[in-house]
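What follows is a single structure, written as structure tokens, with notes after it.
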Amino acid sequence: MKTTIEEKNGALVATFEGRLDTAASVQTAKDMEPLNDCTGQEIILDCTHLEYISSSGLRLFLGVLKNAKPKGIKVFVKGLNDDLKSVFAITGFINLFEFKE
């Protein structure tokens with residue numbers, strides 16, 4: 001699992017590659033810490049290269065959202081494949097996040 005965070009056009013973009021399962025979630029949580037310090041307008045969680053997400057991974061995404069909302073920062077999810085869309089739909093996360101294509 002690889003997580004990269006960079007600033008693009010005023011947004012913080014976190015790119016995820018591989019499988020965000022329980023084993024990878026501890027390191028991924030550390031890698032995502034800069035998102036908690038975001039002071040911009042947007043955070044984009046780019047899942048274009050994400051193959052799988054477990055409940056641990058979903059909790060990490062939810063944590064970003066809960067931290068950002070009180071600051072007025074929008075959180076978008078981008079690049080979900082059909083399997084990930086299904087997971088987001090089944091868990092109700094599809095209603096929590098805004099999506100970019």
Side-chain angles (χ1 to χ4, degrees):
M1 177 69 207
K2 180 180 176 189
T3 306
T4 308
I5 297 177
E6 56 190 340
E7 190 171 336
K8 290 184 182 174
N9 301 322
L12 260 179
V13 180
T15 304
F16 303 95
E17 296 178 45
R19 297 176 54 86
L20 183 42
D21 55 21
T22 303
S25 66
V26 173
Q27 182 59 49
T28 303
K30 291 177 186 172
D31 295 341
M32 292 174 69
E33 284 178 7
L35 298 178
N36 294 327
D37 300 326
C38 179
T39 58
Q41 297 299 310
E42 288 184 2
I43 294 173
I44 299 171
L45 305 175
D46 187 349
C47 300
T48 304
H49 302 289
L50 188 64
E51 300 165 12
Y52 171 84
I53 191 166
S54 69
S55 59
S56 299
L58 290 171
R59 270 193 299 278
L60 294 177
F61 280 29
L62 185 59
V64 169
L65 183 65
K66 283 185 173 184
N67 184 59
K69 266 194 171 183
K71 298 178 189 176
I73 300 169
K74 291 194 172 209
V75 178
F76 295 94
V77 176
K78 174 184 170 186
L80 293 179
N81 64 32
D82 289 340
D83 290 339
L84 294 176
K85 281 181 188 172
S86 177
V87 169
F88 271 69
I90 290 168
T91 59
F93 275 58
I94 203 101
N95 299 317
L96 299 177
F97 289 91
E98 295 184 55
F99 295 87
K100 287 191 176 201
E101 289 304 320

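- Note: the hydrophobic cluster containing Val26 does not contain Leu62 (ILVMFWY, side chain heavy atoms under 4.5 Å, direct or indirect links).
- Among all heavy-atom pairs drawn from Asn81 and Leu50, the shortest one is ND2-O, 3.5 Å.
- The shortest distance between side-chain heavy atoms of Val87 and Leu80 does not fall below 4.5 Å.
- Here the straight-line distance linking atom CD1 of Ile44 with atom CD of Glu42 works out to 5.0 Å at 0.5 Å rounding.
- From Cys47, atom SG reaches atom NZ of Lys85 across 11.5 Å, with rounding to the nearest 0.5 Å.
- Atom CD of Gln41 has 12 or fewer neighbouring heavy atoms from other residues, nucleotides or ligands inside a 6.0 Å radius.
- Note that the CD1 atom of Ile43 and the CE atom of Met32 stand 8.5 Å from one another [nearest 0.5 Å].
- Here the NZ-OG1 distance, from Lys30 to Thr3, works out to 12.5 Å after rounding to the nearest 0.5 Å.
- Side-chain atoms of Phe61 and Leu96, non-hydrogen and from C-beta on, never get closer than 4.5 Å to each other.
- With sequence neighbours excluded, no residue forms a side-chain hydrogen bond (donor to acceptor under 3.5 Å, both in side chains) with Glu33.
- Ring geometry, Phe88 versus Phe93: the interplanar angle exceeds 60°, so the pair is classed perpendicular (tilted spans 30 to 60°).
- Two residues are said to be in side-chain contact when any heavy atoms from C-beta on lie closer than 4.5 Å; Leu12 and Ile5 meet this criterion.
- The distance from atom OG of Ser56 to atom CG of Asp21, rounded to the nearest 0.5 Å, is 8.0 Å.
- Side-chain contact between Phe16 and Ile53 is absent, with no heavy-atom pair separated by less than 4.5 Å.
- Closest approach of Met1 to Gly18, counting heavy atoms only: SD-C, 4.1 Å.
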Evaluate side chain to side chain contact (heavy atoms under 4.5 Å, CB included) for Thr48 paired with Glu17, printing each intermediate quantity in order. CA-CA 8 Å; Thr48 304; Glu17 296 178 45; over 6 Å; no

Show me, pair by pair, the donor-acceptor contacts under 3.5 angstrom made by side chains of residues 66-77, not counting sequence neighbours?
unit_1	atom_1	unit_2	atom_2	d
Asn67	ND2	Asn36	O	3.2
Asn67	ND2	Asn36	OD1	3.4
Lys71	NZ	Asn36	O	2.6

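- Members clustered with Tyr52: none, using a 4.5 Å side-chain heavy-atom cutoff among hydrophobic residues.
- For the atom pair CG of Asp31 and OG of Ser25, the computed distance is 11.0 Å after rounding to the nearest 0.5 Å.
- With hydrophobic clusters built from ILVMFWY side chains whose heavy atoms lie under 4.5 angstrom apart, Val13 does not share a cluster with Leu45.
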